[in-house]
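Have a look at the structure below, then the notes.
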Amino acid sequence: MDAFISKKRRRISDVSSPSARTGQQHDHEETTEMKLALLASLHPDITQDTLLEALLSEDGQVDKASDSLADRATSLGPPKRAKTVGHQSTLGNLIRAAGGELLSSRPLTKKGKTLFLYSPKDIETHTPCSIIHNFLPAHEANALLEELLHESKTFEKETFQLFDRTVESPHTMSFYVDSFKEVEEQKTTYVYNGSQIKDIRQTPSKMLSASAKVRRAVNLEIQRRIAQFYPDGKKLRYQDPKEWKPNTAFVNCYDGPKESVGYHSDQLTYLGPRAVIGSLSLGVAREFRVRKIVPRDVNDESEDAGAADSQGQISIHLPHNSLLVMHAEMQETWKHSIAPTTAIDPHPIAGNKRINVTYRYYKPNFHPKFTPRCHCKIPTVLRCVQKKSENLGRYMWMCHASYTPGQKGCTFFKWAEFDDDGEPPWKDIVEQSTGVSKWHV
Ligand SMILES: O=C(O)CCC(=O)C(=O)O
Ligand SMILES: [Fe+2]
């Protein structure tokens, strides 16, 4: 613990950060997130809100926050916990200007506060997400849930490196790719957590059928987002104008109210910049929390535990059979999490479990045979500068090995360049390569 606490904020080129084979990017600039992750691993029963509150009142010192949480547990009985469902917020009346146009840029949340959103209109106006309720025909959603509940019996927790500690993710998961050939390819070529993973599965039939529907819906949502929300109705810089074609997915299982995932952005390494993700929720309804990353001045070396939370957070209710689209502006500038809770409404098929499928498009140009390698000879990880206002929004390739428990990694660093459509400089080489065709469906 001491070693962790005494560490100064590290620089871009020499850090390790908690990441996961899920391809999650827990930004190393975000020491608060790391501290929260560490506190969460020490106090798995306590909600993120309470952990953050303790961290804030102890000036960001993890050991003191941990002690005070432990004292609280013994002297005051159970700690304050989040409710399953917060208050209903319908913002329609609040946010419409006289002409009916939506005022989405003003932050609606305040430091330390959570705003609960339910309606698709509110969600797409105030977050980089859109949601489709009752996405699949009811019988298909139930059958898919059954299929994945069966799969989830053999899911495992993953471990990741948090500075010099190994922390376990508080839920289970597995990774799926659409064809058997790709399963083999993934096992031998792709790097997760600094090493190759073996538990890669072939997408089962119902999940594959749902994928085709997710693909259609997500592409429509992308077009609608561009037309209705982006400046001049134009796609974002680095956003891919071509069709979104999911070919892989992480399936997460949250067994009971305490299982969760901490605040993170999804790793862009195989998705490229401005990635879109289609996230299907099944079973128990849970809260998906999002918060905007607040950039920090380049000279500000403070470790203010409140900074990460300075604009508060938004909670999106994710019921059974809802499709959440994380749009192109999400991973670079927002973080998301599944908050632990105490009370859940059991689902008739899933009991206490929530299953989540995050459909992703691994792009041919971001295949590890093309991306830069570090001094350890491992394909590098793609990250975006999210915090420091200097270089904000720039992308970089960095060593993967530092994510692996027990491995130090090297100091490799290279700015990543992309054209307007998010294609890397080697795109022409890829187009000529025969390896590409198998990704094109
Ligand atoms: O369970 C969810 O809804 C989110 C999962 C997630 O963030 C991830 O797989 O990266
Ligand atoms: Fe994620």
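At a cut-off of 3.5 Å, with distance as the only test, a side-chain donor of Gln386 or Ser265 sits close to an acceptor on the other residue. Side chain to side chain, Tyr263 and Gln313 meet the donor-acceptor criterion of an N or O pair below 3.5 Å.
Looking only at distances, no side-chain donor or acceptor of Thr380 sits under 3.5 Å from a matching main-chain atom of Cys374. Judged by distance alone, the side chain of Glu147 and the main-chain N or O of Met207 form a donor-acceptor pair under 3.5 Å. Arg286 contributes no side-chain N or O that, together with a main-chain N or O of Leu318, makes up a donor-acceptor pair within less than 3.5 Å. The backbone N or O of Val294 sits less than 3.5 Å from a side-chain atom of Lys387, completing a donor-acceptor pair. With hydrogens and angles ignored, the 3.5 Å screen pairs no side-chain donor or acceptor of Thr172 with any backbone N or O of Lys157. Side-chain atoms of Thr358 come within 3.5 Å of backbone atoms of Phe250 as a donor-acceptor pair (strictly under, hydrogens ignored). Judged by distance alone, the side chain of Ser119 and the main-chain N or O of Asp122 form a donor-acceptor pair under 3.5 Å. Under the 3.5 Å distance criterion, the side-chain polar atoms of His317 are left unmatched by any main-chain donor or acceptor of Ser315.
Contacts of Asp255 classified as salt bridge (charged side-chain N to carboxylate O under 4.0 Å, His left out), with partners at least two apart in sequence or in another chain: none. Scored by the side-chain hydrogen bond (donor to acceptor under 3.5 Å, both in side chains) test, Thr127 finds no partners at all (sequence neighbours excluded). For Glu151, the salt bridge (charged side-chain N to carboxylate O under 4.0 Å, His left out) partners are Arg201, not counting sequence neighbours. In this structure Tyr359 satisfies the ring pair (Phe, Tyr, Trp, His ring centres under 6.0 Å) test with no other residue, sequence neighbours excluded. Legend: residues meeting salt bridge (charged side-chain N to carboxylate O under 4.0 Å, His left out) with Glu329, ordered by chain and number and at least two apart, are Arg225. Listed by chain and residue number, Lys213 satisfy the salt bridge (charged side-chain N to carboxylate O under 4.0 Å, His left out) test with Glu140 (two or more places apart in sequence, or in another chain).
Between Ser281 and Asn356, the closest heavy-atom pair is OG-ND2, 4.0 Å. In this structure, Asp345 and Val284 approach most closely via the heavy-atom pair O-CG2, 3.9 Å. Arg224 approaches Ser130 most closely through the heavy-atom pair NH2-CB, 4.1 Å. Heavy-atom minimum distance, Ala350 versus Leu145: CB-CD2, 4.0 Å. Of all non-hydrogen atoms in Trp244 and Gly278, the two that sit nearest each other are CZ2-N, 3.8 Å. Here the closest heavy-atom approach between residue Ile131 and residue Pro120 is recorded as CG2-CA, 3.7 Å.
Note that CD of Gln228 and OG1 of Thr125 are 9.0 Å apart. Values are rounded to the nearest 0.5 Å. Considering NZ of Lys353 and NZ of Lys153, their distance stands at 7.5 Å, rounded to 0.5 Å. For the atom pair NE2 of His327 and SG of Cys129, the computed distance is 7.5 Å after rounding to the nearest 0.5 Å. Considering CG of Leu144 and CG of Leu149, their distance stands at 9.5 Å, rounded to 0.5 Å. With rounding to the nearest 0.5 Å, the separation of CG in Asn321 from CG in Leu136 is 5.0 Å. If you take CD on Glu287 and CD1 on Ile344, they are separated by 12.5 Å, rounding to the nearest 0.5 Å.
When side chains are defined from C-beta on, Leu115 does not count as touching His126, because their heavy atoms never get closer than 4.5 Å. The shortest distance between side-chain heavy atoms of Pro204 and His150 does not fall below 4.5 Å. Under the 4.5 Å side-chain criterion, counting only non-hydrogen atoms from C-beta, Thr203 is not in contact with Ser211. A 4.5 Å side-chain heavy-atom check between Tyr238 and Glu332 finds every atom pair outside the cut-off. No side-chain heavy atom of Ile314 sits under 4.5 Å from any side-chain heavy atom of Ile123. When side chains are defined from C-beta on, His133 counts as touching Pro319, because their heavy atoms get closer than 4.5 Å. A heavy-atom distance below 4.5 Å is not found between the side chains of Pro170 and Lys258. Put simply, the side chain of Val290 does not reach to within 4.5 Å of the side chain of Met326, judged on heavy atoms.
Classification of the Tyr254-His171 ring pair by plane angle, with boundaries at 30° and 60°, yields parallel. Between Phe366 and Phe418, the ring-plane angle classifies as tilted under the 30° and 60° cut-offs. A tilted orientation is assigned to the rings of Trp426 and Trp397, their planes being inclined by 30° to 60°.
The only member of Lys242, Lys363, Arg274 that meets salt bridge (Lys or Arg N to Asp or Glu O under 4.0 Å) when paired with Glu423 is Lys242.
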Query raised in the report: Does the pair Tyr395 and Leu268 meet the rule for a side chain to side chain contact (heavy atoms under 4.5 Å, CB included), with working shown?
Result: CA-CA 10 Å; Tyr395 297 88; Leu268 301 172; 3.9 Å; yes
Report task. Show your working on side chain to side chain contact (heavy atoms under 4.5 Å, CB included) between Gln331 and Cys384 and close with a plain yes or no. Result -> CA-CA 9 Å; Gln331 304 307 329; Cys384 178; over 6 Å; no
Requested in this report: Please assess Ile222 against Val276 for the test side chain to side chain contact (heavy atoms under 4.5 Å, CB included), listing each intermediate value before the final yes or no.
Outcome: CA-CA 8 Å; Ile222 294 172; Val276 173; 3.9 Å; yes
Requested in this report: Test ring-ring contact (aromatic ring centres under 6.0 Å, His included) on Tyr362 and Phe175 and set out the steps.
Outcome: CA-CA 13 Å; Tyr362 275 30; Phe175 182 58; 5.7 Å; yes
Query - Stepwise side chain to side chain contact (heavy atoms under 4.5 Å, CB included) test for Glu259 and Asn252 - result: CA-CA 10 Å; Glu259 296 213 344; Asn252 299 296; over 6 Å; no
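Salt-bridge check for Lys235 with Asp421: passed, with a basic side-chain N closer than 4.0 Å to an acidic carboxylate O. At a threshold of 4.0 Å, the pair Lys245-Glu243 does not count as salt-bridged, since none of the basic side-chain nitrogens sits closer than that to a carboxylate oxygen.
Aromatic rings of His336 and Phe288 (six-membered ring for Trp) have centroids within the 6.0 Å cut-off, being under it.
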